[in-house]
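Start at 1 and go down the list; that is how both ligands and their atoms are numbered. A quick note: this is a predicted structure, and the numbers were derived from the prediction, not measured.
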Amino acid sequence: MNATPQLTLNNGVRMPAIGLGVYQSPPAETAAAVEAALRAGYRHVDTAAVYGNEREVGEGIRRSGVDRSEVFIETKVWISDFGYDATLHAFDKSAAKLGVDQIDLLILHQALPSRFDLTVDAYRALEKLLADGKVRAVGVSNFMRDHLDNLLAKTSIVPAVNQIELHPYFRQPDVAAADTEHGIITQAWSPIGGITFYREGVHTSALEDPVLITIAATHDKTPAQVMLRWGLQQGRSVIPKSTHEHRIIENFQVFDFELSADELDVIDALDTGRRGGPEPEAITLDTFGVAIPEA
Ligand code: NAP
């Protein structure tokens with residue numbers, strides 16, 4: 001069974017639009033979550049070297065019995081492994097932990113704005129891995145418009161994907177527009193607003209937003225399903241995370257209803273313009289550097 005709608009990347013590779021995210025999935029729970037997702041029909045998993053659970057992602061895929069060729073594996077190179085040779089080696093580490101020869105989509109996890117030279121060297125290594133057939137597509141994450149412009153000026157392959165924080169409370173329309181202008185697919189992280197919001201002492205969750213609850217009730221769906229549908233209908237890839245099977249299944253039940261244009265607009269209007277995650281411009285090796293273990 002594989003009914004997942006696909007997105008076509010700018011090099012022709014097809015990527016299932018919805019994937020399972022595994023950020024903060026404890027390694028001990030990750031293989032079971034991946035297995036549950038593949039059983040539910042997912043064919044795409046998004047992990048990262050820095051999440052410390054690539055090994056368990058590979059294990060979950062193998063345990064599921066789904067053929068490797070049917071699963072789209074996406075992972076990320078952490079900033080501590082930026083640099084041409086270091087990034088080539090980062091591929092070896094991730095591939096060995098995942099237990100695969102080829103990675104479907106390998107992306108730079110962040111730009112290093114204060115060391116953009118290292119960011120470019122890392123990206124050139126991704127281009128080499130693509131040329132050598134070790135990855136099927138390459139991309140970036142948390143790249144703002146300036147970062148994309150600077151990268152494109154110095155490299156030859158346009159990233160296939162830019163994975164950015166994107167949910168109703170933080171839409172980044174300018175970055176999404178920049179992606180579209182360059183033929184880059186925008187992939188939403190925290191697509192159901194999972195990143196925790198603490199604003200003036202108040203905890204806010206998009207999952208409890210009254211507007212989303214109302215729209216969800218209209219369709220007999222949940223707010224999480226509405227947010228995922230909103231992302232998919234606007235052409236994005238979405239990668240919700242859960243380690244609970246019932247939510248993993250719930251998050252995949254998003255292909256049997258349609259939001260109206262008005263509903264999409266109402267959800268767009270929830271944007272606060274305030275990010276939940278770290279400011280991409282402020283990422284440095286000093287503040288975020290952490291060694292990625294060998295396989
Ligand atoms: P998310 O997917 O928006 O939300 C995940 C949170 O929502 C978890 O606490 C999960 O809890 C809960 N949840 C999941 N499904 C639910 C449902 N149907 N109803 C209610 N609660 C639900 O947030 P995220 O994990 O931050 O982002 C998703 C993925 O994006 C990550 O896993 C990772 O792959 C990627 N990501 C990338 C970056 C980056 O810098 N590139 C940053 C953050 C995330 P349970 O697990 O307990 O169900």
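Those atoms of ligand 1 with a heavy atom of H109 less than 4.0 angstrom away are 39 (C), 40 (O), 41 (N). The atoms of ligand 1 that sit less than 4.0 Å from any heavy atom of Q163 are 35 (C), 36 (N), 37 (C), 38 (C), 39 (C), 41 (N). Here is the list of ligand 1 atoms found below 4.0 Å of a heavy atom in I239: 28 (C), 29 (C), 30 (O), 35 (C). Ligand 1 places these atoms under 4.0 Å from at least one heavy atom of L207: 20 (C), 21 (N). Residue A224 approaches ligand 1 through these ligand atoms, each under 4.0 Å from one of its heavy atoms: 17 (C), 18 (N).
Under the 3.5 Å distance criterion, the side-chain polar atoms of R236 are left unmatched by any main-chain donor or acceptor of T186. Proximity of a side-chain donor or acceptor of N53 to a complementary backbone N or O of P26 within less than 3.5 Å is not detected. No donor-acceptor pair under 3.5 Å is formed between the side chain of N10 and the backbone N or O of I157. With S237 contributing its side chain and A17 its backbone, the two residues share a donor-acceptor pair below 3.5 Å. At distances below 3.5 Å, not a single donor-acceptor pair connects side-chain atoms of E74 with backbone N or O atoms of H44.
With hydrogens and angles left out, the side-chain atoms of S260 and D262 include no donor and acceptor closer than 3.5 Å.
With hydrogens left out, the protein atom closest to atom 15 (N) of ligand 1 is N251 ND2, 3.0 Å, a heavy atom. Of the protein's heavy atoms, S190 OG, 3.5 Å lies nearest to atom 24 (P) of ligand 1. Regarding atom 42 (C) of ligand 1, its nearest protein heavy-atom neighbour is W189 CD2, 3.1 Å. K241 O, 3.4 Å is the protein heavy atom nearest to atom 5 (C) of ligand 1. Atom 20 (C) of ligand 1 has its closest protein heavy atom at R247 NE, 3.7 Å. Scanning the protein heavy atoms around atom 34 (O) of ligand 1, the nearest turns out to be D46 OD2, 2.6 Å. Of the protein's non-hydrogen atoms, the one nearest atom 32 (O) of ligand 1 is Y23 N, 2.8 Å. Scanning the protein for heavy atoms near atom 40 (O) of ligand 1, the closest one is N142 ND2, 2.9 Å.
Each of V22, I73, D104 was scored for a side chain to side chain contact (heavy atoms under 4.5 Å, CB included) with V45, with one residue passing: V22. The only option from V175, D179, L151 that meets the side chain to side chain contact (heavy atoms under 4.5 Å, CB included) definition with F143 turns out to be L151. Of the candidates R62, R63, R55, R63 is the only one forming a side-chain hydrogen bond (donor to acceptor under 3.5 Å, both in side chains) with E59.
The shortest N or O to N or O distance between I192 and ligand 1 is under 3.5 Å. Checked against a 3.5 angstrom limit, the closest N/O atoms of V22 and ligand 1 fall inside it. The N/O atoms of E250, backbone and side chain alike, include one that comes under 3.5 Å of an N/O atom in ligand 1. By the 3.5 Å distance cut-off applied to N or O atoms, P240 is not counted among the residues near ligand 1.
From Q225, atom CD reaches atom CD of E250 across 4.5 Å, with rounding to the nearest 0.5 Å.
Distances from ligand 1 to the non-hydrogen atoms of K76 include at least one value under 4.0 Å. At least one heavy atom of T243 sits less than 4.0 Å from an atom of ligand 1.
Annotation: ring pair (Phe, Tyr, Trp, His ring centres under 6.0 Å) contacts involving residues 6-26, sequence neighbours excluded, comprise Y23-Y51.
Take W189 and apply the ring-ring contact (aromatic ring centres under 6.0 Å, His included) test, not counting sequence neighbours, and it matches no residue.
Contact annotation for atom 48 (O) of ligand 1: protein present (non-hydrogen atoms, distance under 4.0 Å).
Only the side chain of S141 comes within 4.0 Å of ligand 1, judged by heavy-atom distances. Heavy atoms from both the backbone and the side chain of P191 come within less than 4.0 Å of ligand 1.
Environment of CG in D67: crowded, with over 12 heavy atoms of neighbouring residues, nucleotides or ligands closer than 6.0 Å.
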